[in-house]
Amino acid sequence: MNIEQHIVTKTVEAVKSLYSQDLPEAQVNLQDTRSEFEGQITLVVFPVVRFSKKSPEVTATELGEYLQANVDEITGFNVVKGFLNLSVANAHWVDLFNTTILRPDFGTIPANGKKVMVEYSSPNTNKPLHLGHVRNNLLGYSVSELLKASGSEVYKVNLVNDRGIHICKSMLAWQKWGNGETPESAGIKGDHLVGKYYVIFDKEYKKEIEALKQEGQTEEEAKKNAPLIKAAQAMLLAWEAGDDEVISLWKTMNTWVYDGFEVTYKNLGVDFDKFYYESNTYLLGKDTVEEGLASGVFYKKEDGSVWIDLTADGLDQKLVLRADGTSVYITQDLGTAQMKQDDFELDESIYVVGNEQDYHFKVLFLILEKLGKSWAKGLYHLSYGMVDLPSGKMKSREGTVVDADDLIAEMVATAKEKTEALGKVDRFSEEEKEQLYFNIGMGALKYFLLKVEPKKRLLFDPAESIDFQGNTGPFIQYTHARIKSLLLKADFREDQRVDNQIPLSATELEMIILLAKYPAEIASAAKSFSPASLANYIYEVAKMFNKFYHEVPPIVKEEDQQLKQLRLNLSWVTANILKSGTRILGIEVPERM
RNA sequence: GCAUCCAUAGCUCAGCUGGAUAGAGCAACGGUUUUCUAAACCGUAGGUCAUAGGUUCGAAUCCUAUUGGGUGUACCA
């Protein structure tokens, strides 16, 4: 039993013994003692006052005396207002360190038997990935890793939006103005090449709209009547009809895009267990609609369209099937949700999708619940905020989009520049250097994007490069490398335990308490789907180590073997936590830098 | 209009189910290297937690209203 739980139990006992009252455990409020006071664990006594019917100070003192007398580990206490600060014996902390934290499996959480799907990335195939997608990908990947670390079995899936009017636009523009250009002939990454034609389409389309407006049409009419958009719509129909030529072009261009995405995904370090393609799922969901009609959850209007009335739940009426019998977005998602469930028998299913779709998912989940799907309660929309530029939103048409590939290249280049300026890589081979620059650049980028709570908007200033100092990825990477170097120099052996009577400095004690929290941090970060909270914890650990490192005399030269071993053990655990913690964030920590 | 999310230091962000004097980083200023990697460490300065009420022994945190901003409200996806 850990010390906190023990104190809770004994506090309840104390209230019974001192005041003959039954104190619910939930009323026992423990927190870390603030560093300016003596002690490590603080009991907030205000909730107990109702039971003791005495002043906070008196209650705290009486509880303190009881706990000191009845809990072996507690060696003393002090009372500040309504706060009872408890001092726990050093020996207890050293024991905790030796028996729990130093175990090789520290930080691993046993399997919980839950099967969880995380759907993320889900790109359109008409243009390359940008910064918004980068946030999505990093978030989806690290949430998956987080859930794995907390004991779940995780399936990462990517639902690719490979069909529809958007890809037809690129195809059409390529047909008209492409002159047979290919990624090879143009020397352009496939996704960028297809994106180029998407932009051309848009430009030419706008010209046509202008021309029609000159002829007296309204903006709305012009948008509908422009020959290009009509041609794109015709192409979509041809695609749905299975027209050989269109399908062949579609396959070719999608292949270009996938080749391009593969490179970006590889650089981002993300992966998937399964791909779903909308070209395979877009007809899905009609069975579900039938099901809903049969059970009376849906109703049919005179024109044949199918609806659900959600006004009783504070939402709107929602169309689930068009009058002509074709699917809309939500029809498809109903079907896809069912398919995922049939494929994997999931306990939970996470959708990593931006917050502009909050309403859509609210509706989707509610409908599935109303259809009586038992698994609907396991669905969760991990909604994240947009990435803003100082000028506001990213807009592809205004050319203010931060391209993912460009950004990655810039981050690596900056990492190279900064590293070379520090002059620490003389003994690295060229290959090692490239690897290091890549890891540092991506570490800076990933940490920058992941340290912010998912649901918050995130500001990115392209003019100001991402920091490499302070609360950053490279700071954590540097701390890790530094520890590795220290362990190497000190001939560290990991199987040595020190005597629990060893004296601890304030920082060493604080470190043990912080390190001990790692498993709980993973669990709570996983529970709230928040890599950000884990990132902040890892930063605290790195910061704490640096403080410790500066305070103690050179460990390598320490003559007291017990003290030396203790400090090396602390360093070793810190490095392990930094490594496995950043691993969950998708960040690589180098052995030296 | 309705729905929903957000508002904390000059800037970017933390702040757990309400708990002590609201914390970091960057930027600014000052200091630390004959000592294990200075991408580090220590210090100074910087706040009416958007505003006004309310609940509470106690509110950045919960409730209400207001202000400002984002997003959504398609037989688009």
Side-chain angles (χ1 to χ4, degrees), chain A residues 26 29 31 33-34 36-37 42 44-47 49-50 55-56 80-83 85 122 124 161 163-166 278 282 301 303 305-307 314-316 319-324 326-333 354-360 362 383 385-386 388 392-393 415 418-419 421-422 424 440 444 448 451-453 455-461 464 466-479 481-490 520-521 524 528 532-533 535-536 539-540 542-543 545-558 567 571 592-593:
Chain A
N29 189 343
Q31 55 185 250
T33 302
R34 295 175 65 113
E36 61 262 39
F37 302 112
T42 291
V44 184
V45 300
F46 294 107
V49 170
R50 280 202 354 252
S55 74
V80 180
K81 294 193 240 173
F83 298 88
N85 301 319
S122 306
N124 290 348
N161 186 4
R163 68 166 281 280
I165 193 77
H166 53 84
E278 289 206 7
Y282 82 106
K301 282 193 179 173
D303 64 0
S305 58
V306 181
W307 296 73
L315 304 176
D316 301 317
L319 174 97
V320 293
L321 196 69
R322 289 194 188 103
D324 64 7
T326 57
S327 300
V328 290
Y329 182 41
I330 200 146
T331 323
Q332 221 179 111
D333 269 3
N355 63 9
E356 70 272 14
Q357 295 197 37
D358 284 355
Y359 184 76
H360 172 75
K362 211 176 195 178
S383 164
M386 323 202 130
D388 287 322
K393 273 182 73 167
K418 299 212 182 224
T419 308
L422 289 170
K424 293 182 181 181
I440 294 174
F448 179 82
K451 76 170 182 189
V452 180
E453 272 307 313
K455 89 171 178 186
K456 299 239 182 146
R457 298 166 48 187
L458 194 148
L459 188 83
F460 177 81
D461 188 347
E464 225 173 290
I466 293 173
D467 276 323
F468 284 63
Q469 283 170 355
N471 188 358
T472 67
F475 170 84
I476 294 161
Q477 291 172 315
Y478 172 72
T479 305
R482 204 185 209 191
I483 297 173
K484 281 323 201 43
S485 156
L486 164 66
L487 295 175
L488 211 62
K489 284 194 176 149
E521 288 292 336
S524 82
S528 54
S533 73
N536 281 305
Y539 170 64
E540 291 296 324
K543 207 164 53 147
F545 175 82
N546 282 306
K547 181 183 174 181
F548 157 81
Y549 185 81
H550 274 265
E551 269 177 20
V552 299
I555 298 168
V556 174
K557 295 179 185 160
E558 179 59 55
R567 290 176 177 164
S571 305
R592 53 192 188 124
M593 71 183 267

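- A/S485 has a side-chain polar atom (N or O) that falls below the 4.0 Å cut-off from OP1 or OP2 of B/rU37.
- Residue-level contact check: A/Y359 touches the backbone only, with heavy atoms under 4.0 Å from sugar-phosphate atoms and none from bases.
- Within the 4.0 angstrom heavy-atom criterion, base atoms lie near A/N29.
- Using a 4.0 Å heavy-atom distance criterion, A/N85 is classed as a base contact.
- Pairing partner, B/rA28: B/rU44, with both Watson-Crick or wobble hydrogen-bond distances short of 3.5 Å.
- A close approach under 4.0 Å does occur between a side-chain nitrogen or oxygen of A/R34 and OP1 or OP2 of B/rG23.
- Phosphate proximity of B/rG25 to A/K543: absent, as no side-chain N or O sits under 4.0 Å from OP1 or OP2.
- At a threshold of 4.0 angstrom between heavy atoms, the contacts of A/A532 with the nucleic acid are absent.
- Mapped onto RNA chain B by nearest heavy atom, A/R163 and A/E540 fall at different nucleotides, with A/E540 at the one closer to the 5' end.
- Judged by Watson-Crick or G-U wobble contacts below 3.5 Å, the nucleotide B/rU55 has no partner.
- Residue-level contact check: A/E453 touches the backbone only, with heavy atoms under 4.0 Å from sugar-phosphate atoms and none from bases.
- Aromatic pair A/F545/A/F548: centroids less than 6.0 angstrom apart.
- B/rU21 makes up no base pair with any nucleotide shown, lacking Watson-Crick or G-U wobble contacts both under 3.5 Å.
- Spacing between atom CD1 of A/I483 and atom C1' of B/rA40 amounts to 12 Å, rounded to whole angstrom units.
- Contacts of A/F475 with the nucleic acid, taken as non-hydrogen atoms under 4.0 Å apart, involve only primed sugar atoms and P, OP1 or OP2.
- Residue A/F46 is the one, among A/F46 and A/E551, whose nearest nucleotide of RNA chain B lies closer to the 5' end (criterion: closest heavy atom).
- Counting non-hydrogen atoms under 4.0 angstrom, A/L459 reaches the backbone sugars and phosphates but no base.
- Base engagement by A/P47 is indicated by at least one non-hydrogen atom pair under 4.0 Å involving a base atom.
- Residue contacts for A/D316: at a heavy-atom cut-off of 4.0 Å it reaches the sugar-phosphate backbone alone, with no base atom in range.
- Nucleic acid contact class of A/T42 (heavy atoms, under 4.0 Å, all strands): base.
- No contact: A/F448 has no heavy atom under 4.0 Å from any strand.
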